[in-house]
Protein chains: 2
Amino acid sequence: MAEYAGVSAKTVSNVINDYEHVSEQTRAAVKEAIDALGYRVNIAGRQLRKGRTGMIALVVPELDVAYFSELAKHVMTEADRRGMTVLLHQTNGERTRELAALHGFDAQFTDGVILSPLALLPHDLETRDRRLPVVLLGERPWASRTDHVGVDNVRASREATEHLLAGGRRRIAVIGGALRGRQGTDRLRTQGYQQALQAAGLPFDAGLVVPVDAYHWQDGARAAASLLERPERPDALLCLNDHLALGAVRALHEHGVRVPGDVHVVGFDDIEASRFMIPSLTTVAPDKAEIARAAVSLLLQRVEDPAASVHAPQDRTAPHRLIVRESTGGA
Amino acid sequence: MAEYAGVSAKTVSNVINDYEHVSEQTRAAVKEAIDALGYRVNIAGRQLRKGRTGMIALVVPELDVAYFSELAKHVMTEADRRGMTVLLHQTNGERTRELAALHGFDAQFTDGVILSPLALLPHDLETRDRRLPVVLLGERPWASRTDHVGVDNVRASREATEHLLAGGRRRIAVIGGALRGRQGTDRLRTQGYQQALQAAGLPFDAGLVVPVDAYHWQDGARAAASLLERPERPDALLCLNDHLALGAVRALHEHGVRVPGDVHVVGFDDIEASRFMIPSLTTVAPDKAEIARAAVSLLLQRVEDPAASVHAPQDRTAPHRLIVRESTGGA
DNA sequence: CAACATATTTACATCGATGTAATGGCGTGG
DNA sequence: CCACGCCATTACATCGATGTAAATATGTTG
């Protein structure tokens with residue numbers, strides 16, 4: 001390459017990096033050589049020297065959970081805009097994989113990591129290698145010293161519950177809810193639900209909080225089916241994501257229970273399917289584009305200024321809104 | 001690192017790569033040093049030397065099309081099993097991005113690429129740099145010299161159409177179909193449809209073939225709505241993917257048309273949503289796990305034996321089956 | 001004990017890009 | 001004509017891991 005253009009390797013490098021003191025003549029010669037030989041910089045060489053790869057990792061539990069694939073799309077768009085490449089990973093919610101991500105996987109080929117954790121323990125965050133910039137998505141229940149982007153889950157859940165109450169609902173079940181254990185998204189959303197009940201002066205029935213194994217369609221279906229076996233059926237379901245909600249609607253349908261006629265249903269995430277289901281689904285829509293933007297921006301701040309690793313951890317709360325659709329009797 | 005363990009850098013390397021002639025003693029010492037210092041190999045250094053990164057790219061049009069995110073999951077699982085890391089990219093169906101993928105992006109940090117093309121031209125494949133192993137997914141309409149994994153689209157579509165015919169349908173529309181232009185998936189599936197009609201002795205009405213901009217929910221809804229404006233309505237919809245089908249079902253519902261009562265609907269891909277929609281969707285299910293397995297396996301063959309780049313291009317056809325559900329009056 | 005085989009470890013060069021500092025060319029002011 | 005400064009280019013070292021080959025240690029055989 002350098003020989004072909006008749007210059008030194010360094011001059012090629014200078015041309016590629018737009019160093020100003022290069023004569024028009026050599027610049028042209030080098031560019032021509034680049035085209036002629038189809039030359040492309042070798043990332044490995046560059047990183048070895050610069051210490052940066054231009055890649056960031058996005059690590060989520062599962063790609064076939066629509067919320068995450070939709071989010072991934074936004075993150076990739078945003079990263080692209082900022083000249084970064086995204087390495088996408090899934091953890092299946094396994095702690096070992098989340099840990100691996102926190103530590104930059106087996107090797108170091110990533111400038112930073114955006115991680116949506118499920119199983120991580122507080123301790124894992126304390127002991128992580130602070131040289132690798134990390135942004136957490138979702139809940140950040142522990143006062144960790146790590147940047148974080150999320151939504152106000154308690155409030156969102158309270159609003160969703162209030163909407164159900166306003167629709168005359170009195171026995172609202174929570175599918176995917178949690179009363180104890182780690183202060184995760186499920187816990188917070190359940191809290192919001194409890195707050196709304198309390199504000200309305202309604203009793204809280206722990207039996208209406210149904211935990212699930214995963215946030216998938218069939219878990220929602222199973223949970224809904226189990227609720228129907230109770231002597232006193234619920235008249236509304238607050239489902240902690242849209243897959244659960246849609247699975248639940250399906251199960252209700254199979255049992256001849258009408259939505260919204262007999263039971264109202266609300267979900268979280270506003271995945272695309274929810275707009276098109278029959279009935280369409282009322283859901284809490286987090287601003288995914290904003291989440292992606294904030295996460296990438298926070299991460300690149302740390303990447304570009306590693307010295308800032310001492311800066312106080314940042315916390316961003318993205319907006320959300322309740323989208324009322326047919327499943328709660330809406331338009 | 002090396003100093004900490006009191007050995008040379010090469011010995012560390014030997015331990016990491018399980019070189020056999022290392023004394024138990026030094027091996028232990030090095031391992032301890034690794035733990036103590038949290039050492040991890042630097043991929044850049046390794047690749048610079050070895051020329052391999054252990055990463056492959058999976059490049060698809062859009063991640064929020066469930067078929068692709070489900071496929072991605074399988075590819076990642078399979079790659080993981082074989083010690084590879086997957087770099088996931090989306091092209092939005094833009095030719096420039098597909099080209100960039102073919103050429104290993106701006107830089108070379110990928111050992112190979114699995115590409116699901118939409119806009120690529122035959123010429124692009126002819127002129128690609130053959131040093132980068134590539135496996136194409138989906139259709140491979142041109143006799144390219146590139147490995148390929150797909151399903152038998154013509155047959156699958158014919159079977160789906162036959163199923164509709166067996167259900168007494170006589171005016172079957174094709175949403176997403178194509179009569180002319182590149183020999184893509186749409187063309188092939190339309191051909192299968194035509195074959196089935198012909199075999200049944202039914203006339204072919206080009207007006208029933210409705211092209212779409214993209215394979216998204218709203219495109220299906222729009223297409224279905226336009227079909228309902230025709231004087232003579234179709235009594236079945238063959239939708240070339242599940243998103244189109246589900247969007248179409250929604251549109252029919254909004255127009256008071258019952259599925260399967262008035263119109264039968266079939267989709268392609270068997271995404272998870274299709275099992276849970278109301279009505280559940282009859283669909284052609286490609287064996288995604290098998291597609292992923294074949295693609296990764298073909299790719300790694302080339303990666304591991306670059307000399308084999310002269311081997312004849314391979315072509316794998318993954319199995320598919322028709323899953324009959326409620327939208328065509330099934331169980 | 002010499003000669004040789006085997007095991008273990010290391011020195012050195014190398015992959016490609018680039019930061020640092022030095023080189024050589026040229027113009028300007030004194 | 002010299003000193004100095006600016007510009008364009010390059011020599012060299014370096015990032016980290018590893019292949020090659022050589023050095024060293026240890027053991028074995030005749």
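What you see is a predicted model; the values in this text were computed from it and never measured. Heavy atoms only: backbone and side chains are in, while hydrogens, waters and symmetry mates are out. Reminder, nothing fancy here: chain letters follow the sequence lines and each chain counts from 1.
Summarising the geometry, the separation between CG on Asn42(A) and C1' on dA17(C) is reported as 8 Å, rounded to the nearest angstrom. Atom pair Gln25(A):CD and dT9(D):C1' shows a separation of 13 Å (rounding to whole Å applied). For the pair Asn14(A) CG and dT10(D) P, the interatomic distance rounds to 9 Å; values are reported in whole Å. The OH-P distance, from Tyr19(B) to dA7(C), rounds to 10 Å in whole Å. In this structure, the CZ atom of Arg52(A) is 19 Å from the P atom of dC15(D), given to the nearest Å. Counting to the nearest Å, the C1' atom of dA8(D) and the CG atom of Asp18(A) are 16 Å from each other. Regarding Glu3(A), its CD atom lies at a distance of 11 Å from the P atom of dG16(C), rounded to whole Å. Spacing between atom NE2 of His21(B) and atom P of dT10(C) amounts to 16 Å, rounded to whole angstrom units.
The pair Glu98(A)-Arg95(A) fails the salt-bridge criterion, with no side-chain N (NZ, NE, NH1 or NH2) lying under 4.0 Å from an Asp/Glu carboxylate O. Classification of Arg81(B) and Glu78(B) as a salt-bridged pair holds, one side-chain N sitting under 4.0 Å from a carboxylate O.
Contact annotation for Val7(B): backbone-only contact, meaning every heavy-atom pair under 4.0 Å involves sugar-phosphate atoms and none involves a base. Among the protein residues, Ala44(B) comes within range of no part of the nucleic acid, since none of its heavy atoms lies under 4.0 Å from any strand.
Here dT9(C) is the nucleotide among dA11(D), dT9(C), dA17(C) with the atom lying nearest to any side-chain atom of Thr26(B). Residue Ser23(A) has its side chain nearest to dA8(D) when only dA8(D), dT8(C), dT18(C) are considered. Taking every side-chain heavy atom of Arg49(A) into account, dG16(C) is the closest of dT10(D), dG16(C), dG19(D). Among the nucleotides dG16(C), dA17(D), dT10(C), the one closest to the side chain of Lys10(B) is dT10(C).
Contact check, Thr11(B) against dT8(C): no side-chain N or O comes under 4.0 Å of OP1 or OP2. Residue Asn17(B) places at least one side-chain N or O under 4.0 Å from the OP1 or OP2 atom of dT18(D). The side chain of Tyr39(B) places an N or O atom within less than 4.0 Å of a non-bridging phosphate oxygen (OP1 or OP2) of dA17(D). OP1 or OP2 of dA17(C) has not a single side-chain nitrogen or oxygen of Ser13(A) nearer than 4.0 Å. Between Ser8(B) and the phosphate of dT10(C), there is a side-chain N or O to OP1/OP2 separation shorter than 4.0 Å.
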**Report entry** Verdict with supporting geometry, Glu290(A) and His74(A), side chain to side chain donor-acceptor pair (under 3.5 Å)
**Finding:** CA-CA 9 Å; Glu290(A) 178 56 30; His74(A) 285 112; over 6 Å; no

**Report entry** Arg128(A)/His123(A) under side-chain contact (heavy atoms from CB on, under 4.5 Å): CA gap, chis, key distance, verdict
**Finding:** CA-CA 9 Å; Arg128(A) 77 183 178 84; His123(A) 166 260; over 6 Å; no

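Residues Leu48(A) and Gly6(B) both approach DNA chain C. Their nearest nucleotides, taken by heavy-atom distance, put Gly6(B) toward the 5′ side.
For the residue pair Asp111(A)/Thr53(A), the side-chain donor-acceptor check at 3.5 Å is satisfied.
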